[in-house]
Amino acid sequence: GLANADSSKKVRWKLAETWGPNFPIFGEATKNMANMVKEMSNGRFIIRIDSSNKHKSPLGIFDFVKTGQYQMGHSGSYYWKGKNFNTLFFTTTPFGMTAPEQYAWFYYGGGMELMKKVYDQYGILSFPGGNTGNQMGGWFKKEINSVEDFKGLKMRIPGFAGEVLARLGAKPTNIPSGELYTALERNTIDALEWVGPSLDLRMGFHKIAPYYYTGWHEPAAELQFMVNEKAYNALPKDLQKILTVAMKTAAYDMYAQSYHESAMNLATLEQDYPNVKMRSFPKSVMNVIWKTNQDLLKEFAAKDEMTAEILKSLSDYQKKARAWTNLSDRAYLDSFDGEGKLSTK
Amino acid sequence: MDATIKLIGKTIDAIGTLCSILLLLMIVNVFYDVIMRYFFNDVSIAMQELEWHLFAGMFMFGIAYTLKEDAHVRVDIFYDAMSKRKQAIINIFGSLVFALPITLLIFYYSWDYTLEAYNMGEGSADPGGLPHRWVVRSVIPASSAFLVLSIAYVVLTQIKTLQLGYKAKTEEQGG
Amino acid sequence: MTGIVLFAIALVCLFLGYSVAFTFAGVSLLVGIYVLGVDLFAFMPYRIMSIMENTILMAVPMFIFMGIVLQKTGLAERLLESAAKLFGSIAGGVAISTIVVGALLAASTGVVGASVVAMGVISLPVMLKNNYHQPTATGVICASGTLGQIIPPSIILIILGDVMGVPVGDLFRAAVIPGALLIVVYSLYILLLGKFKPEYCPPIQVNEKKSELIVQALKDIVPPLILILTVLGSIFSGIATPTESSAIGAVGAVILSIFYGTFSFGKINEISKETVKVTSMVFAVLIGATAFSMVFSYSGSEYIIEDFFMELPGGKWTFIALAMLAILILGFFIDFIEIAFLVVPILMPVAIALDINLVWFAILISMNLQTSFLTPPFGFSLFYLKGVAPKYLKTSTIYKGVIPFIIMQILVLLLVIFFPEQLILN
Ligand code: NA
Ligand code: NA
């Protein structure tokens, strides 16, 4: 019948990603998603992936999807902060939720609805696109003992976190990623943040910076699948479902893979580079960073209603989710170190 | 026609002067940023972004000026040996078939691209970066417009060369 | 297939002699519309914007500016004159001083044209007046003028760093020994020539006293040397990125010209106009090339090339040999900018897939491209020299003169291919 003719038509889509070809983990998430779509649709729905070497515009993904030049994109929501400030909050926030907490917020705590509200005006549907897990605070050439040590510190740290550190006197600096290693090695910058062990090792920073600090600024960076709304609506119902299921699965799978790669690479790092010192910022420093972050958030909330709404949702949800995290995961982790010893704490 | 050629030529020359100024400003800008970072340990994202704004304007507008000055590189093994007449024909052909369509198309598509940034009020995504991304994006349609002007200049001057060559020939025959 | 057809049509159209940049863009548009439709070109603004934001390529205009300052304010001439007098009394002396000054200019700028022109104006008449073998005189000028291509800072290394995704500073460092090797080989050749064919490169008459010459030479050589050390030093020490040190070089060159009393605002105007023209020429080719590579890759041609190379027997070495041969042959006809922007991106995925060290590969490409400056019929250095040489010097004389130097370049290239560990600093 007619309905059958429609649903047997082959659909070909193109996806533009921010990453280069064969980029580990992030790039595997898109391939994973496209493969699932192809298999689940029995070959009716094919998504071709174009990496940045092809479209030459890593940060053009938003416009590509908005104008329909590509039906899909894979990127990070916080890259669009210059277009709409509120896109920032759908990646992660400094001192925000962990990945499980954030997934709970997205799918059950109103996060998806808020994201839809922000992206609707552009005709773009945005979905979680894979989590890096907790990111490290960065590679530092010298130790940070007090807030004073941030004064004049030239650091590659983009986005919101850069703004926070700038208030403490740090100098956020723009360096193309290909030049980062050289810039750090030759002291053009004093510190940088990248991702975590999962992706940092291939950049070689551990060979030139002795201090590896734990994170605060991106506790659960979530990437993003974008879909052109018109293209999505033109899909048959079954393919819509296949696409959303594939995206959700690929996203969660990337979180698992990030966790795995970080664990494996951390072991390698500790074994092969015992001179790298893992550090956390002292309590006094963290207090100041936290306070500065809170002030900044308040300023932003005062400027824009939507920002205020998102921030309220985030902090309300985080309060409740964290109470459970503390009682479950934290209590458990505090009592047992994972290697057969009970904690004495 | 002479008056038109002269007017276009002067306009494009003014663009050339603008490009020289952008170049010098860019050198000063970059030099200032190095000095500030090295001696005063000060970095400004806005100043860093200004560097490539100046750079982009300099070479994008410079393409039109360079065309008028006939300084775009050619593979001239055969070209150099040709008569002025044949060279003029090639230049007119190249201008209309190769240069003009792509320039018009870039103008058309970059117009939307610029409007997009303007309507969204897009600015830098980095802390302390420059606002108004549409300004630098508008360099693409604006420079394309001047390039069209410069292509017109080449076509007109080459038509003139053809006419002169024709005139010279008939005069020779007549004398 | 589309890619191959596109490439062939573009190459044929290039020989019409219309501007390379627009020929590439225009042909890509015609083929692109026919094969993929006009909508593909909606990507052009994005691709152009990526070039406009590229802070690595920003070094290009500033190193060009620096080179043109040294040329137009007469600093290059001054260097050559005093070096020629210093070495002139030995057989091959003027040729050796041409090589030395070529190397100094090379280390202060990435522009080939300026050095060839400067030496063509100053050193060629001296050699010709002293009955130098004409091909040898022209060959040595073209070859030493072209050293700027490989000796850092160099435009082509900046472009390759960007195209290949390798830090420019690493490329500069890696190019030091291969560049020095070329200088040594050229000088040895001239010394041997002086020994076995002294009539090819006779000594010249120098009237000044040796001590006076040395003082004058110090005055002329030390300040530019300080500038060179500042620029290269700031890159190697990390005070500045290559882009920033190009600004240091540009400002430094202007300060030098003030120091020598040859500065004027009229000259700065002339110099910056010239810089705008050369830069826009390069970036127009880059935009034409991005239209080309867009049509090339969206038609799926890159996979065909990749499959072709990946299925060849011999893996890495067959690929290197074919790539080097292809660049060498293309270099006869088209110049280094097109090769860097068009051919290298096609080779890149294969090089990555074969796990080839990209710094090494970049140095091989740039040494190979160095040869393209000298190979007729389309060699930048040959044109530049022809432009300033006396009319009675035939083009064939220049062609003949560069042959030994092309051979020496290929020899050094082979050395770098086979002894990467010894010859690439890292
Ligand atoms: Na050089
Ligand atoms: Na050549």
Side-chain angles (χ1 to χ4, degrees), chain B residues 16-17 19-24 26-31 33-34 37-38 48 51-53 55-56 58-67 69 71-80 82 87 90-91 93-95 97-103 105-106 109-110 112-114 136-137 139-140, chain C residues 13-23 25-30 38 41-46 48-49 51-55 57-58 61-62 65 234 239-240 243-248 250-251 268-269 272-273 275-285 287 291 333-335 337 377-378:
Chain B
T17 306
C19 293
S20 308
I21 294 169
L22 291 177
L23 171 75
L24 295 176
M26 165 187 142
I27 294 172
V28 171
N29 188 169
V30 180
F31 186 73
D33 286 349
V34 195
R37 192 184 61 234
Y38 189 64
Q48 282 188 336
E51 292 174 4
W52 62 259
H53 280 64
F55 162 67
M58 183 269 293
F59 81 79
M60 287 297 284
F61 287 111
I63 292 175
Y65 173 64
T66 307
L67 181 67
E69 296 282 298
H72 281 293
V73 62
R74 305 167 183 264
V75 175
D76 46 13
I77 317 164
F78 302 121
Y79 181 84
D80 267 354
M82 288 175 196
Q87 289 185 346
I90 283 187
N91 285 330
F93 172 82
S95 299
V97 176
F98 293 150
L100 190 61
I102 185 89
T103 309
L105 210 58
I106 289 175
Y109 283 122
S110 61
D112 287 345
Y113 183 67
T114 306
V136 69
R137 283 196 182 183
V139 164
I140 307 177
Chain C
C13 288
L14 277 188
F15 284 93
L16 286 177
Y18 188 63
S19 120
V20 168
F22 294 117
T23 305
V27 170
S28 305
L29 177 64
L30 296 176
V38 71
F41 290 83
F43 291 128
M44 280 306 285
Y46 295 88
I48 293 173
M49 194 66 201
I51 299 169
M52 288 161 60
E53 291 174 335
N54 190 321
T55 51
L57 289 176
M58 228 161 67
M62 290 189 278
F65 180 88
S234 66
I239 291 171
T243 300
E244 292 169 332
S245 49
S246 67
I248 298 176
V251 173
I268 288 297
N269 177 35
S272 54
K273 285 254 163 79
T275 308
V276 167
K277 281 193 262 180
V278 180
T279 308
S280 305
M281 183 268 278
V282 172
F283 283 83
V285 174
I287 293 173
F333 306 106
I334 58 180
D335 69 86
I337 312 169
F378 191 80

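Per chain, numbering begins at 1; letters A, B, ... match sequence-line order.
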Side-chain heavy-atom pair [X], [Y] within 4.5 angstrom cut-off:
X       : Y        : value
C/Tyr18 : B/His72  : no
C/Asn54 : B/Trp52  : no
C/Phe41 : B/Tyr109 : yes

Report the option among [options] that has the most heavy-atom pairs separated by less than 4.5 Å from atoms of chain C.
options                              : value
B/Asn29, B/Val30, B/Asp33, B/Ile21   : B/Val30
B/Thr103, B/Thr66, B/Ile106, B/Leu22 : B/Thr66
B/Pro101, B/Ala56, B/Ser20           : B/Ser20
B/Leu105, B/Val139, B/Asp112         : B/Leu105
B/Gly62, B/Gly16, B/Gly94            : B/Gly94

Region of [X] that comes under 4.5 Å of a non-hydrogen atom in chain C:
X        : value
B/Ile102 : both
B/Leu23  : side chain
B/Leu24  : side chain
B/Val28  : neither
B/Phe61  : neither
B/Tyr113 : side chain
B/Glu51  : both
B/Thr114 : neither

Looking at C/Glu244 and B/Arg37, is any side-chain nitrogen of the basic one under 4.0 Å from a carboxylate oxygen of the acidic one?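 Salt bridge flag = yes for C/Glu244 with B/Arg37.
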Select, from [options], the one with the greatest count of heavy-atom pairs under 4.5 Å involving chain B.
options                               : value
C/Gly26, C/Ser272, C/Ala291, C/Ala247 : C/Ser272
C/Ser19, C/Ala42, C/Ala21             : C/Ala42
C/Met281, C/Met58, C/Met44            : C/Met58

Contacting moiety of [X], where chain B heavy atoms sit under 4.5 Å:
X        : result
C/Val282 : neither
C/Phe43  : neither
C/Thr55  : side chain

Report the relative orientation of the aromatic rings in C/Phe15 and B/Phe78; use parallel for angles under 30°, tilted for 30 to 60°, perpendicular for over 60°.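 Rings of C/Phe15 and B/Phe78: tilted, 30 to 60°.
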Between B/Phe55 and C/Phe283, how do the two ring planes meet: parallel, tilted or perpendicular, split at 30° and 60°?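 Plane angle over 60°, so perpendicular.
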Before giving the answer on side-chain contact (heavy atoms from CB on, under 4.5 Å), spell out for B/Val97 and C/Leu30 the whole-Å C-alpha distance, their side-chain angles and the decisive distance to 0.1 Å. CA-CA 9 Å; B/Val97 176; C/Leu30 296 176; 4.1 Å; yes
What is the distance from atom [atom1] of [X] to atom [atom2] of [Y], rounded to the nearest 0.5 Å?
X        : Y        : atom1 : atom2 : answer
B/Met26  : C/Thr279 : CE    : OG1   : 7.5 Å
C/Ile287 : B/Ile63  : CD1   : CD1   : 4.0 Å
B/Ile27  : C/Ile248 : CD1   : CD1   : 12.5 Å

For a quick test of reading the model, state the closest non-hydrogen atom pair linking B/Ile140 to C/Pro45 and the distance between them.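 Shortest heavy-atom contact: CD1-O, 3.7 Å.
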Test side-chain contact (heavy atoms from CB on, under 4.5 Å) on B/Tyr79 and C/Leu16; report intermediate values, then the result. CA-CA 7 Å; B/Tyr79 181 84; C/Leu16 286 177; over 6 Å; no
